[in-house]
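The structure appears below as structure tokens.
This one's a predicted model, so the numbers in the text were calculated from it and none came from an experiment.
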Amino acid sequence: MGIRHAILITALAGGLVGFLAGCRETEPVAREVPDYARSDYATVEPRTASTHMRFTDITESAGIGFVHETGAFGQKWMPETMGSGAAFLDYDGDDLPDLLLVNGSRWPGHESDRARAVSHLYRNLGNGRFQDVTAEAGLDFGLYGMGVAAADYDADGDPDVYLTAVGDNILLRNDGGRFTDVSLEARVDGNSGLPGDPPAWSTGAAWLDADRDGFLDLFVCNYVRWTPETDLFTTLDGMTKSYATPEQYDGETCRLYRNLEGRSFEDVTAAAGVLNPDGKSLGVAVEDFNADGWPDIVVANDTYQNFLYLNDGDGTFTDVAVRAGVAFDEFGRARAGMGIDVADVTSRGPLSIAIGNFSNEPLSLYTQIGDDLFQDLAGSARLTRATLQRLTFGLLFADLDLDGFVDLLAGNGHIEPGINAVQSDVTFAQPLQLFWNNRRGQFVAVSGQVGAGFGEEIVARGIATADIDRDGDLDVLVTVNGGSPRLLRNDLPTAEANWLRIRLRGASPNLDAVGAVVTLFAGDLVQRRMVRTGSSYLSQSEINPFLIGLGGRTQADSILVRWPGSGNSDRFGPATAGQTLTIDEGRSDGT
């Protein structure tokens, strides 16, 4: 997240130990520079297109009164500007996606008379409204929360919740709609466990069946080794403190926890080959990049090279990011990666990894061009100019107009409230962006046409989607640092496109079939979806059931499901549009 030309004054353990005067140039001098580094590059307006998509901000009418607490008290401690996330999950089993919003807290010694800040759970009432059930669900406790990942780790039929934090993370077991803190016995706090090491600062997380034993394992991203005692003084103007960036801090390894039959977990970080103490990880996505039936992991790092861990099929992973071409930009520089997602943007097979980056670093779109080989095609996808000046945290692929091709959402907002005083073309609050997929591998900016929610400037962080009103299109939730989230209802005209909602029921213990791959065939349209947690930034969308848009087609000709544990496949179809199709593992209809 490197702010260019920053002046750094370092204070450790309360004492001044060094001073670096002048400007700090973080990019090396090169004979060639990327096109996006030219001063006139961003002046070319992106193409526009007409769209029928419309979104309405229903946050207030839905009954969501949440306000994110940063804990800021004037010292600009680094975590204050980074949070936080949200998740859609059906915690009570009524087939309606509920909403969990992660909160920060006030720092020790700086509490006030205001009510304690806690994360909030809102139950979906099914009529466009939500009810705050935080207390009755057992979530009325404080932590400096960052992200959330939800899945049924104990195979009892309801989603459990993992909260990442500055400090110890928390695992909450869902016991019939009330959550129990089982962190101590589960042993998944995100920390090193070494004597004297401070608690980690954890960020993104994802559940996956890494060893395909049916029980869901847990991958946790850790950011940098920051504590209040090691806080650094960083300034943009030489006088006042600004929020620090990760170059000045040591990194911290991600962690992988193996699920021991739903009872507890074992830290297998080193044994699995994912130990990397130099990482500065924020976003994580799970996919099967080489189609071998084993889930792989891609991690967005902030000012450090990205990771692409291919699953070796024996409980270990190999980082192939450098040779695959996703570790750096085209000039060998590590960008400041935040949010991340993966999708087939052309519906032709190759997968693309999208990563949100810092201002003056455009969005990355690493696309498969060969076996374990990617190329950043953001430029040819027309995403570079439109994202150059934005600082993108939340980032998510979603077929918002149901035409069968995924569109792209970008949640933007800077880390420094005073950035405009030193960079006149960059602001702290920034508008959301929606890029419509033109079905030819290119994205067209349509933010100005889809409703006031996309014109408002906010300090966006996480993005998640779900069909909250079960009307057949995806609604959007955006979290706001230090503010109220935005719940944007998708008001796509009912005659605009057709859809199928697919619910997978896997064999025990992986009841939600996390890791299953669904391929849908409808005429000339082929779509692929993987049931997976994670992606975006600190957030999680509704994972099962999920929507697939059919455009003007009235049916799916066939649906192929490859199940995650056995690797077996079942085929179903045809299926008429506009229905929820429930598919049970091992019950192919033979068509």
For R505, is there an ion pair with E585 - N to carboxylate O distance below 4.0 angstrom? no

Lys NZ or Arg CZ of R212 over W294 ring: under 6.0 Å, within 45°: yes

Does M53 offer a backbone N or O that forms a donor-acceptor pair with the side chain of D401 under 3.5 Å? no

E361 with R390: basic N within carboxylate O range, under 4.0 Å: no

Please determine if R258 and D211 form a salt bridge, counting it only when a charged side-chain N lies under 4.0 Å from a carboxylate O. yes

Relative to the ring of Y122, is the ring of H120 parallel (under 30°), tilted (30 to 60°) or perpendicular (over 60°)? parallel

Quick test of your reading of the model: are R562 and D288 salt-bridged, counting only N-O distances below 4.0 Å? yes

Are R461 and F393 in a cation-pi setup, meaning NZ or CZ lies under 6.0 angstrom from the ring centre and within 45 degrees of the ring axis? yes

Has D475 got a side-chain atom pairing as donor or acceptor with N490's backbone, closer than 3.5 angstrom? yes

Side-chain ion pair, K280 and E252, N-O less than 4.0 Å: no

Kindly list each side-chain donor-acceptor pair under 3.5 angstrom involving residues 58-66, sequence neighbours excluded, with atom names and distances?
| unit_1 | atom_1 | unit_2 | atom_2 | d |
| --- | --- | --- | --- | --- |
| T59 | OG1 | D57 | OD1 | 2.6 |
| T59 | OG1 | L487 | N | 2.8 |
| S61 | OG | I58 | O | 3.2 |

Is there a donor-acceptor pair closer than 3.5 Å between any side-chain N or O of N412 and the backbone N or O of L432? no

Are the charged groups of D471 and R489 less than 4.0 angstrom apart, N to O? no

From the list D98, D90, D92, D132, salt bridge (Lys or Arg N to Asp or Glu O under 4.0 Å) partner of R123 resolves to D92

Proximity of W107 and Y144 rings by center, below 6.0 Å: yes

ring-ring contact (aromatic ring centres under 6.0 Å, His included) between Y153 and F265, intermediate numbers included: CA-CA 10 Å; Y153 84 88; F265 293 80; 5.5 Å; yes

Can you say whether the rings of H414 and F358 are parallel (under 30°), tilted (30 to 60°) or perpendicular (over 60°)? perpendicular

Classify the side-chain pair D175/T180 by whether it contains a donor and acceptor separated by less than 3.5 Å. yes

